[in-house]
2 protein chains.
Amino acid sequence: MERSAPGSLVPEVGLDRTSPVPLYFQVASRVQQLIESGEMPVGGRLENELELAERLGVSRPTIRRAVQYLVERGVLVRKRGAGTQIVHPKVRRPVELTSLYDDLAKTGQKPRTEVQTLRVGPAPDHVAEALGLDGNAHVTWIERLRFADGEPLAIMHNAVPVDVLPLGRADLEGHGLYELLRAAGYAPRMASQVVGARVATTAEARMLGDVRGAPLLTMTRTAWDASGQAVEYGSHIYRATRYAFELTLST
Amino acid sequence: MERSAPGSLVPEVGLDRTSPVPLYFQVASRVQQLIESGEMPVGGRLENELELAERLGVSRPTIRRAVQYLVERGVLVRKRGAGTQIVHPKVRRPVELTSLYDDLAKTGQKPRTEVQTLRVGPAPDHVAEALGLDGNAHVTWIERLRFADGEPLAIMHNAVPVDVLPLGRADLEGHGLYELLRAAGYAPRMASQVVGARVATTAEARMLGDVRGAPLLTMTRTAWDASGQAVEYGSHIYRATRYAFELTLST
DNA sequence: GAGTGGTCTAGACCACACC
DNA sequence: GTGTGGTCTAGACCACTCG
């Protein structure tokens, strides 16, 4: 018989077995929701896996998978022999793969993009190497100036293999590159990046409305989709007075 | 009977059931090794899970767990209905939680550390907040100058709760902070960081043997151990001409 | 010693990709 | 249609933690 034990930490779950959403995910989402709402207090302990499985009417492996999902996100901590505890109320996302456009839009700043250059041609050597293309493969090469709330923020250089996606000026002024890639079925799934710093040259400073010698954050990135296809190479500079990278790491 | 099918992609595995190393991990390690050595070619396909399970003499869930492990690291790609492919020869580590000391040691540069300041006292407000401590909790506050191959590279400020670890000058000159934390059973498992850039002040430039206005990479980080205990707060500056962050991200 | 998570098995049915 | 991975079950034994 299903009932909520007095003081039990996972009061109600309401699983839908007809839903296409996997059971383990339904369980994980519900638990996460209960933690975020404060119904399951940080520092509190979860019931053990067998009890949880029985009470929710699923098997132990399914419960384990749900708990595992939240452990990977830093919400729960498991200790063999000791139990499972809630250590953080919010999901800490292991670095999201988003573009600057998405980041700005999410924080309510109005992004605007000027496409300075857009041309198709053979990839330069270092780009071809980063993307794993052979020497005569063609890419779309883009230079964009990105504004936030009307102020220049970044100069962005990108290369996208033409096989992946034909790009037009209009697309790029109204959408982030990653948004376009996702829409075309080439959602970035993995990326390798190098973040550094240097000072602005006169030309860069002029474009960014800043002074020569202003600090810049630099980032070069290669991104691949789920199938391992390289979808984008980027080499960007950001005004460091207006932008910084936030990351969450977990081992 | 165990035999290697002609042309089979996972030739020999040699599992040791008496080993404390989990079977799924033995399988994953072996496959990864075969890929790195080139015996299993990038672009090649793995046998299906049932065959693999039968041939290696383990159950399908165990095989799945091994494959999953390599998928998360970007080595393999699974497609429902289509199969499993090798897309990258090397494990791409989701950002390792290491300290600068470890990074330098690994790349063969000789790190040296001068401890400039080391004192115990109540945590400043912003540090207490980052570490989730209450106002009168004490931390060890450290300022260090880090050299690589004899050249100054970074100025590092750290705070470590005294409950976590008592720190001595001598420890810090010969070891990385993360090494000390790990040895004390507080291995960092999760961290949140912000990476930015600015230019050096006169005082900073003097310490780093550089000029005022030189570009600096800045990083502030809070790290937690497996139990969710905050173990370290850091606020560091690096000479951007000599250091950059490399990251691999995956969703 | 009792309780907990960690690993592993041997099945089952389903959804999707490709021929 | 056939083959593949995705999900789920109902057990089992072990290793570790804690009182």
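Residue numbers begin at 1 in each chain, while the letters A, B, ... track the order of the sequences.
Between D/dG5 and B/Thr84, a contact under 4.0 Å exists linking OP1 or OP2 to a side-chain N or O. At the phosphate of D/dT4, OP1 or OP2 sits under 4.0 Å from a side-chain N or O atom of B/Asn48. Residue B/Tyr24 has no polar side-chain atom (N or O) positioned under 4.0 Å from OP1 or OP2 of C/dC8.
Ring geometry for B/His88 against A/Trp224 counts as perpendicular: the plane angle is over 60°, on a 0 to 90° scale with 30° as the lower cut.
Atom-to-atom, CG of A/Leu50 to P of D/dC13 comes out at 14 Å; the value is rounded to the nearest Å. Between the P atom of D/dT4 and the CD atom of B/Glu51 lies a distance of 7 Å, rounded to the nearest Å. Atom CG in A/Leu56 sits about 13 Å away from atom P in D/dC8, given to the nearest Å. Here C/dC14 presents its P atom at 14 Å from CG of A/Leu23, a figure rounded to the nearest Å. Taking atom CZ of residue A/Arg65 and atom C1' of nucleotide C/dG5, one finds them 18 Å apart after rounding to whole Å. Between the P atom of C/dA17 and the CD atom of B/Gln85 lies a distance of 15 Å, rounded to the nearest Å. The CD-C1' distance, from A/Gln68 to D/dC8, rounds to 17 Å in whole Å. When the C1' atom of D/dG5 is taken as reference, atom CG of B/Leu52 falls 13 Å away, rounded to whole Å.
You'll find that the side chain of B/Arg78 is closest to D/dG5, out of D/dC8, D/dA15, D/dG5. Closest contact between the side chain of B/Thr62 and the listed nucleotides C/dG5, C/dT9, D/dG5 involves C/dT9. Out of C/dT9, C/dC18, D/dT9, the shortest distance to the side chain of B/Ala82 is found at C/dC18. Closest to the side chain of B/Pro22, from the set C/dC16, D/dT7, C/dT7, is C/dT7. Listed candidates were C/dC8, C/dT4, D/dA10. Nearest to the side chain of A/Arg80 is C/dT4.
Position along DNA chain C of the nearest nucleotide to A/Gly81 versus A/Pro61 favours A/Gly81 as the more 5'-ward residue. The residue among B/Glu49 and A/Arg60 whose nearest nucleotide of DNA chain D is located toward the 5' end is B/Glu49.
No hydrogens or angles considered: nothing links the side chains of A/Ser227 and A/Gln229 as a donor-acceptor pair under 3.5 Å. Counted by atom type alone, B/Glu232 and B/Asn158 present one or more donor-acceptor pairs between their side chains at under 3.5 Å. When only modelled atom types and interatomic distance are considered, A/Arg30 and A/Gln33 share a side-chain donor-acceptor pair under 3.5 Å.
Residue B/Val58 is in sugar-phosphate contact alone, with no base atom involved, counting any heavy-atom pair closer than 4.0 Å across all strands shown. Residue B/Arg64 is in base contact, counting any heavy-atom pair closer than 4.0 Å across all strands shown.
For B/Ala187 against B/Arg182, the heavy-atom pair with the smallest separation is CB-CG, 3.5 Å.
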